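Written below as structure tokens is the structure these notes are about.
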Number of protein chains: 2
Amino acid sequence: MRDNKTEKIILEAAEQEFLLKGFAGTRTTEIASRAGVNHAMLHYYFDTKEQLFEKVLAEKMELFRNSVVSVFEINEMPIKEMVSEAMSRHFDFLQANPSLPRFLLNEVISRQEYMARARQAVTKIAEEPLRNLQQRLDDAAECGEICRIDAIMLLMDIASLNIFAFMVEPIVSSVGIGGESFYQARKAENIRVIMQRLTPNSEPLCNEMYY
Amino acid sequence: MRDNKTEKIILEAAEQEFLLKGFAGTRTTEIASRAGVNHAMLHYYFDTKEQLFEKVLAEKMELFRNSVVSVFEINEMPIKEMVSEAMSRHFDFLQANPSLPRFLLNEVISRQEYMARARQAVTKIAEEPLRNLQQRLDDAAECGEICRIDAIMLLMDIASLNIFAFMVEPIVSSVGIGGESFYQARKAENIRVIMQRLTPNSEPLCNEMYY
DNA sequence: ATTATCTATAGATCTATAGATAATGC
DNA sequence: ATTATCTATAGATCTATAGATAATGC
């Protein structure tokens, strides 16, 4: 045989099960049955359920981390274009991995072991980019390109708008949410909302009020 | 004895465990130990784990439903004030129940039994208010009070902004998210973003472009 | 004499492995 | 003769209950 076809099939089935039901809700027998292999095979290729899960989680975390980092790397263009481009890439990534945020969020929150790890990772990968972004935002505000804004608030606005729809889609798809054309419109909507948010206010008073 | 003190203690402990770890991740022994009662007591007051869970879920769903309905009931004021007031109430509700959205989302998505139920509930409670809202938005746009906007997009914007921060708070609290003063600023930010979104555009071209 | 609590354990469910058998590579 | 697959079952974990004992209400 010598091919790791079975191993791959099991891993993919595990991925689907874990993403849908989480670690606690997933049964190794279900993974095996979804993969169409004997249950003993699962333990032949992967020692334990935990190990199989770690593999899936690590891969997904890496995927997620890369998507964030790559988005932050955009630079050397006007701030509004930069934000717009970053949002677009972020949205596309989510569309390709719609169940990822819910999965990571849940496993991390419901399992103490991962919480500490995740919090550290967030602090580490977020702190410097956050400072840089704030600097760029301040500079752009100084030039009158955009209004003054706190980087965390901006990022939270963007993340909220981009991520949330994908999270709730399975439940609210009956009222017209979901599907290619919806997400196309949604992407435009999200970027529009943020662009408007960044626009310098005509009445200078307002700047002071909110910042 | 005749007081149902123990019963209440168990129910509250169950609520905490379920909200944190979900149905599959929760152990009845853990609930009992959190409640500080003998494990057998749990089955004395509540026949099964499933039954205990149903009680918690039903209560939380009702709470959630009421919060949505009550927000939709606001009327008889200018559209922008109405939206602003609704957002404010919605935000306050979430601040009082920060882990509710994640819990409901997860249980509903990871357990098929609940999915059908939830989808029906959404369709039923959302359809009419959605039509009414669209009507009001269209009327207000006609008068030039706001720009044209699709009701679903607006609601999705609002829900995203209001809910998301509470969902991720446990993970990102290390970078300054969370706490009374943060949420106060966050609430203002969310309302501001939506108010700007509703503002009629100065260049009439833009209206056509996005709608 | 009814209601609440405990101990001890049965029963159900899920993960993991031993050991036998079949398939492939050399 | 090494690698892959199967059957059958052990072992671990979790839920649920039986039955004995203690506490309260009348």
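No hydrogens, no waters, no symmetry mates; every other heavy atom, side chains included, goes into these values. It should be emphasised that the depicted structure is a prediction, and the values quoted were computed from it without experimental measurement. Order of the sequence lines sets the chain letters (A, B, ...), proteins ahead of strands, with each chain counted from 1.
- Between the NE2 atom of B:H43 and the C1' atom of C:dA8 there is a distance of 14 Å, rounded to whole Å.
- Atom NZ of B:K5 is separated from atom P of C:dT3 by 19 Å (rounded to the nearest Å).
- For A:T48, the side-chain atoms get nearest to C:dA16 when compared with the rest of C:dC6, C:dA16, D:dT7.
- In this structure, B:T28 reaches the D:dT15 phosphate: one of its side-chain N or O atoms is under 4.0 Å from OP1 or OP2.
- Distance from the side chain of B:H39 is smallest for D:dA16 among the nucleotides D:dT17, C:dT15, D:dA16.
- Atom pair A:L52:CG and C:dC14:P shows a separation of 17 Å (rounding to whole Å applied).
- The line from CD1 of B:I194 to OG of B:S160 is 8.5 Å long, rounded to the nearest 0.5 Å.
- One can place CD of B:Q51 at 11 Å from P of D:dT17, the figure rounded to the nearest angstrom.
- Taking the centre of each ring, A:F18 and A:F103 stay at or above the 6.0 Å mark.
- For the pair B:R192 and B:E189, the salt-bridge criterion is not met [side-chain N within less than 4.0 Å of a carboxylate O].
- The separation between B:E17 atom CD and D:dT15 atom P is 11 Å, rounded to whole Å.
- Between A:D47 and A:R27, the residue whose closest nucleotide on DNA chain C is further toward the 5' end is A:R27.
- Between C:dT5 and B:Y45, a contact under 4.0 Å exists linking OP1 or OP2 to a side-chain N or O.
- When rounded to the nearest whole Å, the span between CD of B:E7 and P of C:dA4 equals 9 Å.
- The side chain of B:A40 lies closest to C:dT7, out of D:dT5, D:dT15, C:dT7.
- Checked against D:dT15, C:dT3, C:dA18, the side chain of B:Y44 finds its nearest nucleotide in C:dT3.
- When both pairing distances are held under 3.5 Å, C:dC14 makes a Watson-Crick or G-U pair with D:dG11.
- When rounded to the nearest whole Å, the span between CG of B:N38 and P of D:dG19 equals 18 Å.
- Figure legend. C:dA23 is base-paired to D:dT2; pairs are counted as Watson-Crick or G-U wobble with both atom distances under 3.5 Å.
- Between A:I31 atom CD1 and C:dA16 atom C1' the separation is 14 Å, expressed in whole Å.
- Taking only side-chain nitrogens and oxygens, B:T6 comes nearer than 4.0 Å to OP1 or OP2 of C:dT5.
- A salt bridge is absent between A:R27 and A:E17: the closest approach of a Lys/Arg side-chain nitrogen to an acidic carboxylate oxygen does not fall below 4.0 angstrom.
- Of the charged side-chain nitrogens involved, none lies within less than 4.0 Å of a carboxylate oxygen, so that A:E12 and A:R34 do not count as a salt-bridged pair.
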